[in-house]
Enquirer: 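Before I ask anything, here is the structure I am working with.
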Amino acid sequence: MHLDYVWLRDHCRSASCYNSKTNQRSLDTASVELDIKPAQVRVDETTLYLTWPDGHMTRYGLEWLSQNCYEGQKQQLVQPRILWSTQSYKEANVPSVSYLDFLETGEGLRDFLQNFLLYGIAFVEDVPATREETQKVAERISHIRETIYGKMWDLTSDFSRGDTAYTKLALDRHTDTTYFQEPCGMQLFHCLRHEGTGGRTLLVDGFHAAEQVRQNHPEDFEILSNVPLRHEYIENVGESHNHMVGIGPVLNVYPWNKELYMIRYNNYDRAVINTVPYDLVRRWYSSHRILTTELRKPENELWVKLKPGKVLFVDNWRVLHGRESFTGYRQLCGCYLTRDDVLNTARLMGLKS
Ligand SMILES: C[N+](C)(C)CCCC[C@H](N)C(=O)O
Ligand SMILES: O=C(O)CCC(=O)C(=O)O
Ligand SMILES: [Fe+2]
């Protein structure tokens, strides 16, 4: 590991530099000389000891340092995941959790969250088919993210809102709220009623597709993760007037370990491309086509028919959803949760995320 002296001074965990009750730094970093050097350095089997020119003493556990240094982090995943194709997801036989276990046992919630983190989708079964019960299930995880669609949303094909979702048309795979600066992290779907045909839900692991692109077309992966695009939602229907804009690349990776953390993919809501210079536009379309081809491979499609009682949770930063066109009366309800809040609950249950 390579450790800079100013970094070593800044991370001092002594009582005067760090408040271990609040887990906050109390040291004023700006008061540290940028070219500070320790007067003395000593290391034994377990600990590094530094004495600074003013006599202040800092100690580090070597274990802590190897975990927290850049080289250590570079080797680690922020969130371990299991990427899937249709077949591998089916073979994994991921269990659903029942409504009662989910609401009443820590284990039920924990197992559910673990599966959600690993696969990007999870199901709760035997939920009473009402909006109120669906809300209860959502709030078991965390508070709901209120958006322009309200807290809990209802979806029928009445075109009550100015979006294709509120019709009977098919919807190709996409992630939602790409037009927010921070797209919603989790989405719940509960089909309360459907009397008619079609209307199956399509799920595709966006990270699985993106990793295929990274492997087979690294330059296209680069372009998709570096070129920012606008997405927008312009609505003027009935009482609903909205104009939302969100900007970011299709693929979002952490700079230090190149791990994917978010895919923003919605061809309906992608705005005019005016953030890409002329000499890159064609390349971008070509890279986008390569990803789209991967996302559309039948072997990556998971089709499920949502029915009353079965609530689907989707990691909207990873898994794309879509739907088949349908006939008849179909009523869905659901809501969004913020990723930070979902992960907060997961971490408190001891899950790595
Ligand atoms: C019905 N519900 C509120 C879930 C979503 C409606 C939003 C649809 C939008 N085109 C998007 O993809 O974000
Ligand atoms: O009707 C559906 O199954 C899903 C529609 C959709 O994509 C959405 O509401 O976000
Ligand atoms: Fe959607």
Side-chain angles (χ1 to χ4, degrees), residues 120-121 123 129 131 134-135 138 144-204 206 229-248 250 262-271 295 301-308 310-339:
I121 52 174
F123 296 90
R131 188 188 156 101
T134 311
Q135 174 164 354
I144 292 167
R145 175 162 172 188
E146 192 166 356
T147 64
I148 50 172
Y149 306 104
K151 220 173 141 186
M152 292 298 294
W153 48 255
D154 274 304
L155 178 66
T156 54
S157 56
D158 60 359
F159 206 66
S160 59
R161 300 293 303 262
D163 191 277
T164 321
Y166 295 79
T167 67
K168 293 182 179 193
L169 298 172
L171 288 174
D172 189 31
R173 63 224 70 197
H174 64 275
T175 60
D176 270 24
T177 64
T178 50
Y179 42 80
F180 289 174
Q181 277 302 101
E182 186 194 313
C184 295
M186 185 193 250
Q187 170 149 233
L188 265 76
F189 292 100
H190 192 180
C191 181
L192 302 178
R193 260 176 85 184
H194 185 200
E195 289 122 32
T197 59
R200 283 179 309 159
T201 297
L202 167 63
L203 297 163
V204 179
L229 300 169
R230 272 201 175 77
H231 295 78
E232 71 186 339
Y233 182 82
I234 304 173
E235 178 180 32
N236 287 298
V237 166
E239 303 290 285
S240 300
H241 301 284
N242 294 293
H243 188 170
M244 311 288 305
V245 177
I247 305 175
V250 175
M262 177 168 73
I263 179 166
R264 213 189 202 108
Y265 185 99
N266 190 319
N267 204 51
Y268 304 101
D269 295 332
R270 185 163 47 71
L295 289 166
E301 298 184 335
L302 182 68
W303 286 94
V304 289
K305 175 71 185 162
L306 298 180
K307 44 181 181 30
K310 187 171 170 134
V311 180
L312 163 65
F313 296 69
V314 181
D315 180 344
N316 189 53
W317 281 22
R318 166 178 168 187
V319 173
L320 285 69
H321 64 276
R323 76 160 181 235
E324 185 183 30
S325 65
F326 62 93
T327 65
Y329 183 76
R330 181 173 179 268
Q331 185 192 2
L332 259 65
C333 80
C335 63
Y336 295 113
L337 275 72
T338 296
R339 190 170 185 78

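Remember, it's 1-based here, ligands and their atoms both numbered in the order they're listed. Computation of the quantities below employed the complete heavy-atom set of this structure, encompassing side-chain atoms and omitting hydrogens, waters and symmetry-equivalent molecules.
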Enquirer: Going by the order shown, which atoms of ligand 1 are within less than 4.0 Å of some heavy atom of T177?
Expert: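 The atoms of ligand 1 under 4.0 Å from a heavy atom of T177 are 11 (C), 13 (O).
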Enquirer: Between E324 and R200 (salt bridge meaning N to carboxylate O under 4.0 Å), is one present in this structure?
Expert: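 The answer is yes: the pair qualifies as a salt bridge.
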Enquirer: Is any side-chain heavy atom of V204 closer than 4.5 Å to one of R173?
Expert: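 Of all side-chain heavy-atom pairs linking V204 with R173, at least one is under 4.5 Å.
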Enquirer: May I ask you to identify, for H174, whether its side chain, its backbone, both or neither come under 4.0 Å of ligand 1 on a heavy-atom basis?
Expert: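 The answer is the side chain.
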Enquirer: Can you list the ligand 2 atoms lying under 4.0 Å from a non-hydrogen atom of Q187?
Expert: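 Result: 10 (O).
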Enquirer: Would the number of heavy atoms belonging to other residues, nucleotides or ligands and lying under 6.0 Å from CD of E239 be above 12?
Expert: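 At most 12 heavy atoms, drawn from other residues, nucleotides or ligands, come within 6.0 Å of this atom.
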Enquirer: Between ligand 2 and R330, is the shortest N or O to N or O distance under 3.5 Å?
Expert: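 Yes.
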Enquirer: Are any of the N or O atoms of Y233 closer than 3.5 Å to those of ligand 1?
Expert: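 Between Y233 and ligand 1 (N or O atoms, distance only) the closest approach is not under 3.5 Å.
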Enquirer: Does M186 reach the side chain of R339, with side-chain heavy atoms less than 4.5 Å apart?
Expert: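 The answer is no; the side chains never approach within 4.5 Å.
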Enquirer: For a quick check under 3.5 Å, do H174 and D176 share a side-chain donor-acceptor pair by atom type?
Expert: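 Side chains of H174 and D176: pair found under 3.5 Å.
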Enquirer: How does T147 reach ligand 1, if at all, at less than 4.0 Å between non-hydrogen atoms: by side chain, backbone, both, or neither?
Expert: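 Neither; no heavy atom under 4.0 Å.
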Enquirer: Does a donor on one side chain sit under 3.5 Å from an acceptor on the other, for S240 and R161?
Expert: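 Note: S240 and R161 side chains meet the donor-acceptor criterion.
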Enquirer: How far is atom 7 (C) of ligand 1 from its nearest protein heavy atom, and which residue and atom name does that atom have?
Expert: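 For this ligand atom, the closest protein heavy atom is Y149 OH, 3.2 Å.
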Enquirer: Purely on distance, is any nitrogen or oxygen of W153 under 3.5 Å from one on ligand 1?
Expert: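 The answer is no, given that W153 and ligand 1 share no N or O pair closer than 3.5 Å.
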Enquirer: Hey, what's the ring geometry for Y149 with Y233, parallel, tilted or perpendicular (30° and 60° as the breaks)?
Expert: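 Aromatic pair Y149/Y233 classed perpendicular.
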Enquirer: May I ask you to check whether D163 has an N/O atom sitting below 3.5 Å from an N/O atom of ligand 1?
Expert: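 Such a contact does occur with ligand 1.
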Enquirer: In ligand 2, which numbered atoms sit nearer than 4.0 Å to a non-hydrogen atom of L155?
Expert: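 Close to L155: 1 (O), 5 (C), 9 (O).
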Enquirer: May I ask you to list the atoms of ligand 2 that are less than 4.0 angstrom from any heavy atom of L171?
Expert: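 Matching atoms, with element in brackets: 5 (C), 6 (C), 7 (O).
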Enquirer: For W153 and ligand 2, does the shortest N/O to N/O distance drop below 3.5 Å?
Expert: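 N/O-N/O distance under 3.5 Å: no.
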Enquirer: Short list, please: which atoms of ligand 2 are under 4.0 Å from a heavy atom of H174?
Expert: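 The atoms of ligand 2 under 4.0 Å from a heavy atom of H174 are 7 (O).
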Enquirer: Please tell me if the side chains of L295 and Y265 come closer than 4.5 Å, counting only heavy atoms from C-beta onward.
Expert: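 L295 vs Y265: side chains touch.
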Enquirer: Any side-chain heavy-atom pair from K168 and T327 closer than 4.5 angstrom?
Expert: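 A side-chain contact under 4.5 Å is absent here.
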Enquirer: Polar contacts were defined as any N/O atom of the residue lying under 3.5 Å from an N/O atom of the ligand; does this apply to T178 and ligand 1?
Expert: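 Looking only at distances, the answer is no, because the N/O contact criterion of under 3.5 Å is not met.
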Enquirer: Please check this pair: side chain of D315 against backbone of I121, looking for a donor-acceptor N/O pair closer than 3.5 Å.
Expert: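 No, because the side chain of D315 does not come within donor-acceptor range (under 3.5 Å) of the backbone of I121.
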Enquirer: Of all the atoms in ligand 1, which lie at a distance below 4.0 Å from a heavy atom belonging to Q187?
Expert: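 That gives atoms 4 (C) of ligand 1.
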Enquirer: Which ligand 2 atoms are under 4.0 Å away from a heavy-atom of L332?
Expert: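 So the atoms of ligand 2 that pass are 1 (O), 2 (C), 3 (O).
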Enquirer: Going by atom types only, do H190 and K310 share a side-chain donor-acceptor pair under 3.5 Å?
Expert: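 Note: H190 and K310 side chains miss the donor-acceptor criterion.
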Enquirer: Look at atom 4 (C) of ligand 2 and say which protein heavy atom is nearest, naming residue and atom and giving the distance to 0.1 Å.
Expert: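 For atom 4 (C) of ligand 2, the nearest protein heavy atom comes out as F189 CE2, 4.0 Å.
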Enquirer: With backbone taken as N, CA, C and O and side chain as the heavy atoms from C-beta onward, which portion of Y336 lies under 4.0 Å from ligand 1: side chain, backbone, both, or neither?
Expert: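 Just the side chain.
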Enquirer: Quick one: does ligand 1 sit under 4.0 Å from the side chain of Y179, the backbone, both or neither, non-hydrogen atoms only?
Expert: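 Within the 4.0 Å criterion, Y179 contacts ligand 1 through side-chain atoms alone.
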Enquirer: With sequence neighbours excluded, what pairs up with V245 under the side-chain contact (heavy atoms from CB on, under 4.5 Å) test?
Expert: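 R230, E232, H243, I247.
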Enquirer: Donor-acceptor pair, T178 side chain versus N266 backbone, under 3.5 Å?
Expert: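 No.
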Enquirer: Say whether H241 and N236, considering side chains only, have a donor N or O and an acceptor N or O under 3.5 Å apart.
Expert: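 Yes - a donor-acceptor pair under 3.5 Å links their side chains.
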Enquirer: Is there a donor-acceptor pair closer than 3.5 Å between any side-chain N or O of E235 and the backbone N or O of G162?
Expert: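 Side chain of E235 to backbone of G162, a donor-acceptor pair under 3.5 Å: yes, one is there.
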Enquirer: R264 side chain to L229 main-chain N or O, any donor-acceptor pair under 3.5 Å?
Expert: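 Not a single qualifying donor-acceptor pair exists.
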Enquirer: Do the non-hydrogen side-chain atoms of T164 and Y166 ever get within less than 4.5 Å of each other?
Expert: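 Sidechains of Y166 and T164: no contact.
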Enquirer: Could an N or O of ligand 2 be found under 3.5 Å from any N or O of D176, whether backbone or side chain?
Expert: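 N/O-N/O distance below 3.5 Å exists for this pair.
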Enquirer: Among D269, L188, I148, which one has a heavy atom closest to atom 11 (C) of ligand 1?
Expert: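 Selected option, by shortest heavy-atom distance: D269.
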Enquirer: Who's the nearest protein heavy-atom neighbour of atom 1 (C) of ligand 1, and how far?
Expert: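 Here the nearest protein heavy atom works out to Y166 OH, 3.4 Å.
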Enquirer: Distance below 2.8 Å from the Fe ion (ligand 3): how many protein N/O/S atoms qualify?
Expert: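 For the Fe ion (ligand 3), the figure is 3.
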